[in-house]
Novice: 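Submitted below is the structure of interest, expressed as structure tokens.
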Amino acid sequence: MTMRVIVDKELCIGAGQCVVTAPDVFDQDDDGIVELLTDSPAEGDRDAVKEAEHVCPARVISVED
């Protein structure tokens with residue numbers, strides 16, 4: 001099953017928890033705002049992406065399965 005990741009960059013506070021948790025899927029720009037590297041990560045990244053969604057303090061990450 002393919003998952004789809006959505007981020008709301010307008011609400012990102014640049015905490016970077018997503019990058020620490022799933023570095024193959026998330027990065028940060030020069031201002032620390034989330035950059036989505038892929039909106040359909042590999043199956044092996046599923047748990048990390050779900051954890052990133054959970055730990056994001058601004059709740060800007062959404063995952064659709």
Novice: Please determine whether the number of non-hydrogen atoms from other residues, nucleotides or ligands lying under 6.0 Å from atom CD of E43 exceeds 12.
Specialist: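 More than 12 within 6.0 Å, yes.
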Novice: Please give me the minimum heavy-atom distance between P41 and D45, naming the atom from each residue.
Specialist: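 Shortest heavy-atom contact: CB-CB, 4.1 Å.
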Novice: Would you say I33 ends up clustered with I13 if hydrophobic residues are merged whenever their side chains have heavy atoms under 4.5 Å apart, either directly or through other cluster members?
Specialist: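 The answer is no; the residues belong to distinct hydrophobic clusters.
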Novice: Which pairs would a plain distance check flag for residues 52-65, meaning a side-chain donor or acceptor within less than 3.5 Å of a matching protein atom at least two apart in sequence or in another chain?
Specialist:
residue : atom : partner : partner atom : Å
E53     : OE2  : V63     : N            : 3.3
R59     : NH1  : H54     : O            : 2.5
R59     : NH1  : C56     : O            : 3.2
D65     : OD1  : R46     : NH1          : 2.6
D65     : OD2  : K50     : NZ           : 2.9

Novice: Can you name the closest pair of heavy atoms from D29 and D31 and give their distance?
Specialist: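 Taking D29 first and D31 second, the nearest heavy atoms are OD1-N, 2.9 Å.
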Novice: What pairs of donor and acceptor atoms, side-chain ones from residues 18-27 against any protein atom, are under 3.5 angstrom apart with sequence neighbours left out?
Specialist:
residue : atom : partner : partner atom : Å
T21     : OG1  : Q17     : O            : 2.7

Novice: I'd like to check the side chain to side chain donor-acceptor pair (under 3.5 Å) partners of E35; sequence neighbours left out, ordered by chain and number.
Specialist: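 E35 satisfies side chain to side chain donor-acceptor pair (under 3.5 Å) with K9 only.
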Novice: Using every non-hydrogen atom in the two residues, find where Q28 and G14 come nearest and quote the distance to one decimal.
Specialist: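 Minimum heavy-atom separation between Q28 and G14: NE2-O, 3.4 Å.
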